[in-house]
Amino acid sequence: MLSRLSAPRKVLLAVVTLLVVVLVATTVAAVVVVRKPFPATSGEVTMRGLDGAVTVERDARGVPYLTATTSEDLFRAQGYVHAQDRFFEMDYRRHVTAGRLAELVGDNPDAIAADRVVRTFGWRRVAEQEWDLLEQSTRDNLTAYAEGVNAYLAERSPAEIALEYTVLGTQVDVADPEPWQPVDSVAWLKAMAWDLRGNFDEELERAAAFGTLRDVTAVEALFPAYPDDANAPILAADEATATRGERRAAAPKDAEGGTGGASRAAPEDGLPLEDAGVRAALDAAADALAAVPQQVGRGEGTGSNSWVVAGEHTASGKPLLANDPHLSLAAPSIWAQIGLRCAQVSDACPYDVAGFSFSGLPGVIIGHNANLAWGLTNLGADVTDFFVEAVRAHTYLRDGSWEPLDIRQETIKVNGGDDIVIDVAETVHGPVISGELGESLAALLSPTADAGLSGVTYGVALSWTALTPGRTADAIFALNRAADADDVAQAAALFAVPSQNIIFATTDGHIGYQAPGRIPLRGNVTGPVPSDGTWPRPGWDSAYDWQGYVDPADMPAVLDPESGVIVAANQAVLPAGEGPYLTADWDYGYRSHRISTLLDTAITGGTKLSGETMSAIQSDVWSPFAAALVPTLLGISLDDDFAAQGQELLRSWDYNTDPSSAAAAYFNAVWAHIVDGAFADDLPDSVQPSGSSRWLAVVTELLDDPEARLWDDRTTVDVVETRDEILRQALVDARLELTTALGRDTDDWQWGRLHQLSLEHPVLGGESIPWPVRAFVNPATQQLGGGSSIVDATAWDASARTATGRTDFSVTSGPSMRMVVDLGVLDASTWVVVTGTSGHPGHRNYADQFEAWSVGETFAWPFSADAVTRAAGETLRLVPSAE
C-alpha cells in the first residue's frame, strides 16, 4: 500500500510546483522579450522609399551583403539593415554625440557630465555646419540611409527594436525613438575623431608632470624622441617624393608678425606653469575631458597595425594587405561587417565594396572594392592644443586687450529629472572646457573688482581641427569608389579628421601609402617649453596661434616603393625634420619593427607570402619589452631562493607571451613594478605610468645610466635608489604578487589567467546593473596572450589596480577586427570581428566570432556575386511598398 504524503511534504510539493511554474513562465517570458527585437532575415519585406527591389544575403555569421540597382536604394537598404541589427547602438551614439545622453538613460551623473562636455564642444552644431559643405551625392547617400533607418523604425515599438529599451523602461520613460536625421550620421564622425585625436593626453601629462618635477628638462626625459635609428618610420626620407614629382616636402612655417611678449598676462617667457591657478585650470580641463564616453578607443593601446606587400613577394603574384585596428573592445563590436553592391556598376551606381562599417554611418570605413583595398591606422597627428586663457568677468586677454567671450546657453534635458542649463564660453581658440564639471566656469564669468592682472582667473580653451567644419563624409564615399593612387590622394585631401595612415593596394599590382588629415601649422616661439604643440600654450599671445594648415599636397605619400613592403603601425611617418611637422608624440615603433622583421625574414628566406602568413603575423605575441629588459634582469642578484624562482622563469624564455606562459605572467608583473617603482613618484596621481611603448623607450635609455635621477624613488626617506635596486625590488614584488594571485608554485602560473578580456555592453554591462542582466549582455570572459606594444596588441594599463590593490592586467583595448585582403583572388580574403554582426543580446550572431577572434582565427570573406550566393544561408528581399 502506498503511503500518504505528510502535510509538510504536500506543502513543499505545492511550493516546488509553483516555483517551477513561475520559473517556466518567467523563462518563457524572458525568451519572448529577448527574441522580440530579432529581425527578419529571410523572405520578403516591403519597405517604404525604395525605387526597386534590394537583395540582402546573409552568411553563416549573419553578415549582410546588399545588392541594389541605384546608389540611393543601396544606402536605404544599408540604413534598414543597420537598424535591424544595431539600432540601439546607433541611438546611443547619436545621444552621445549630441550631448543628449541623459535624455536616454536618465538622471545619471556620468551621463550628465558627458552631456555638459559634449555640448561645450558643440559636436552636433559643427556637424550641422558641415552639411552644406558636402557634395550633393554625399547628402543624397546620407539622406537615403536615414530613410532606410526610419523605414525600419516605422510602426515598431521600442520593445520590438531593441532589448535595451525594455530594460531601460524599468527605470525611465522610454518613448518611440526619434526619426534618424542625416546629420546624426555626420555627428558620429566627431566621436570617431575625438577618440583618435593624437597627442591630447601627452600634452596634458607634460603639464601635470611639471607640477611634480618643476623642471622642463626632467619632464622631457619622460617623453623621449622617436628612435628612428632603431625603429624605422613608415617612409624613408627619399621615398615620400620619389613617385610623385608634384609633391613637395614642406617644413613647418615660422610665425611671422604676432604681437608677442609685450602684452602677456604672464611672465615674459611664456606660460607660467608654476602658477597654481594655471595648474588647477589644466587639471579641471583633464577632468572634464575624461567625462566624454569612449566610443572608438582611447589611451594606451589605441593604434593599429597595417601593412601591404607587393606581388613580387607573394604566392599569388598580387599584393596582400593586412589591417587590425586596435580600438576599444565592447559588446557589440564597434564594427558592422557588410557588403554593398550595385547590380550594374556604372557612374550612376558606382559602388561594389565590402568591409567594416560603423552602425549609424553609410558606406564602408575599411575594406576593398573590385579594384582597390585599403586599411587605416591612426596617424596620431597633433591636431589639438590647449590654450590657457587669462579671463576676467566676460572677457579674456588677447595681445593686451580684453576681448569679449562668446557665450551661449545650452539646456540639457534629463529623463525623469529637471532640465540643466549651462553656459558655454568660447575664445578665438575654441570652447573653454576647464570649468565644465563644476562651478569654475561660473567663476570665470563672474565680475571681478580687480582690473589688474593679479585678479585674473585662468581657463583652458581647446583648439581642435574637428571643430572646424570639414568634408570627411565626402572622403568616405570617395574611398569606397577609389580605383588607384590618384583616387586615394583625392579622397585623402577631403579626409579632415581623424588623421589616419592610409595604405592601399590595387588588383593591377600597385601598393601605396597616403597620409591625410587637416594638420595645424604652428609658429616657432622662443620660450622655456617647446611651442610645437607638445605643451599647453598661452592664449593671450597670438604668436602661439595656429598659422593655418598643411597643404594636402604636402602630406607624405608613396607609390610602389622599391622594397615592395609598407608597414604603418602608428610609428613616425618620416625621419625627424623631414616633411611637414605632424607630431612629436608617436608610438615608439616596436610593433612596426617586429612586423617588418617578420616580413623581411620571410622574404629574404625565399618564402612567398600568403594570406595565412599575414594572419600568423597578426597573431604574433613576441614581446619587445622582454627582449630589451630580460638580459639586464637576469644580471640582478637575488639572495632569496623563493624570489629567485620567479627570475629563473626568464632564463630559457623565448619572449613569446602565450596565454599559457608562466614567464610572460612573471615578466609583465615585473614590468608593472618597474614603472611604478621608478616613475610613480615623479608624476601626480592623475597621470601614473601606463607601461606603454613610451615607458619602454624611457627605461631603455635609462638602462645604461644606473644612477640616473629618474631611478630614485623620491618617496623613500634618506635613500637614493639606483637602477639595480629598483629592478631587484620589482623582481621580488612580482614574485610575491603572483604568489597571491596564482599560487606558490610557478609551474601553475599562466599569463592568460591574469590577462583577460571581459567585454562590456556600453549601457547595460556595468557594475551598477543587476548581475543577471550583466551576465546576459556581456559575453564570457576570454583569456588572452599578447600585450602592450606587441603585434597582437591586447593592451593593459600598468598603473591600474584591482579592488585588492594588485596590478590589474585586464585587457583595455586590442585588435577590434582583423582582415587580410588578397588582391589576386578577392574571394580568398579573410576577416573577423571581436564579437559578431548582431547588436541584439541573445542573438546567435551577437558574439559568435569572439572565441575565434581570441585565438587568432579568421573567416572566409566572400566578395564576388557567386561567392556571396554560395555562402548565403538566408536571403531577404526588400521590395518597394505600394505607397
How far apart are the closest heavy atoms of [X] and [Y], and which atoms are they?
X    : Y    : value
A505 : L321 : N-CD1, 3.9 Å
V777 : Y846 : O-OH, 2.7 Å
P862 : A871 : CG-CB, 4.0 Å
M614 : W307 : SD-NE1, 3.0 Å
P689 : S799 : O-CB, 3.4 Å
S816 : S333 : O-OG, 4.1 Å

How about [X] and [Y]: do any of their side-chain heavy atoms sit closer than 4.5 Å?
X    : Y    : result
F667 : L629 : yes
V821 : L826 : yes
S359 : F87  : no
V364 : I338 : yes
Y588 : L696 : no
R58  : V63  : no
W335 : V834 : no
E767 : R774 : yes

Exercise for the section: Walk me through it: do Q783 and W751 pass the test side chain to side chain contact (heavy atoms under 4.5 Å, CB included)? Expected result: CA-CA 8 Å; Q783 297 185 4; W751 175 224; over 6 Å; no
Test item: [X] side-chain N/O and [Y] main-chain N/O as donor-acceptor pair under 3.5 Å:
X    : Y    : answer
T830 : F859 : no
Q618 : M819 : yes
T97  : R94  : yes
E851 : D848 : no
W861 : A354 : no
Q849 : G836 : no
R806 : L738 : no
N369 : N480 : yes
N323 : L376 : yes
S758 : T781 : no

Do T802 and D808 pass the side-chain hydrogen bond (donor to acceptor under 3.5 Å, both in side chains) test, and can you show the C-alpha distance, the side-chain angles, and the key distance before you say yes or no? CA-CA 5 Å; T802 66; D808 187 348; over 6 Å; no
Next item on the list: State yes or no: are the ring centers of W831 and H368 separated by less than 6.0 Å?
Entry: no
_Are W653 and Y655 an aromatic pair, judged by ring center distance below 6.0 Å?_
yes
Gap separating the [atom1] atom of [X] from the [atom2] atom of [Y], nearest 0.5 angstrom:
X    : Y    : atom1 : atom2 : answer
S692 : F625 : OG    : CZ    : 6.5 Å
S357 : L340 : OG    : CG    : 7.5 Å
N656 : D620 : CG    : CG    : 6.5 Å
L329 : L327 : CG    : CG    : 8.0 Å
Q84  : T837 : CD    : OG1   : 12.0 Å
F809 : W671 : CZ    : CH2   : 12.5 Å

Only residue of N668, T657, T794 satisfying side chain to side chain contact (heavy atoms under 4.5 Å, CB included) with H755 is T794
Go through the side-chain N and O atoms of [X] and [Y] and say whether any donor and acceptor fall under 3.5 Å apart.
X    : Y    : result
Q500 : T377 : no
R735 : T739 : yes
H593 : Q571 : no

Could you walk me through whether L784 and W853 pass the side chain to side chain contact (heavy atoms under 4.5 Å, CB included) test, one step at a time? CA-CA 10 Å; L784 301 180; W853 172 91; 4.0 Å; yes
Exercise for the section: Evaluate whether atom CZ of R801 has more than 12 neighbouring non-hydrogen atoms of other residues, nucleotides or ligands under 6.0 angstrom away. Expected result: yes
Salt bridge (Lys or Arg N to Asp or Glu O under 4.0 Å) pairs touching residues 650-663, sequence neighbours excluded, are E648-R651
Please test I674 against L633 for side chain to side chain contact (heavy atoms under 4.5 Å, CB included), starting from the C-alpha separation and ending with a verdict. CA-CA 11 Å; I674 289 173; L633 293 175; 4.2 Å; yes
Exactly one of R594, R591, R818 clears salt bridge (charged side-chain N to carboxylate O under 4.0 Å, His left out) with D792, and that residue is R818
R844 meets the salt bridge (Lys or Arg N to Asp or Glu O under 4.0 Å) criterion, sequence neighbours left out, with E874
Angle between ring planes, F88 versus Y165, binned at 30° and 60°: parallel, tilted or perpendicular? perpendicular
- Intermediate values then yes/no, side chain to side chain contact (heavy atoms under 4.5 Å, CB included), L66 and V81: CA-CA 9 Å; L66 284 55; V81 168; 4.3 Å; yes
Show the numbers, then the answer: is there a side-chain hydrogen bond (donor to acceptor under 3.5 Å, both in side chains) between Q750 and S661? CA-CA 5 Å; Q750 293 183 346; S661 172; over 6 Å; no
Next on the checklist: As a quick check of understanding, evaluate side-chain hydrogen bond (donor to acceptor under 3.5 Å, both in side chains) for H761 and E164, giving each step before the final call.
Outcome noted: CA-CA 10 Å; H761 188 284; E164 289 88 343; 2.7 Å; yes
Report yes or no: is the cationic atom of R341 (NZ for Lys, CZ for Arg) under 6.0 Å from the centre of the six-membered ring of F863, at an angle within 45° of the ring normal?
-> yes
_Before you tell me yes or no, could you show the steps for D324 and N305 under side-chain hydrogen bond (donor to acceptor under 3.5 Å, both in side chains), namely the whole-Å CA-CA distance, both residues' side-chain angles and the distance that decides it to 0.1 Å?_
CA-CA 5 Å; D324 54 290; N305 300 325; 3.1 Å; yes
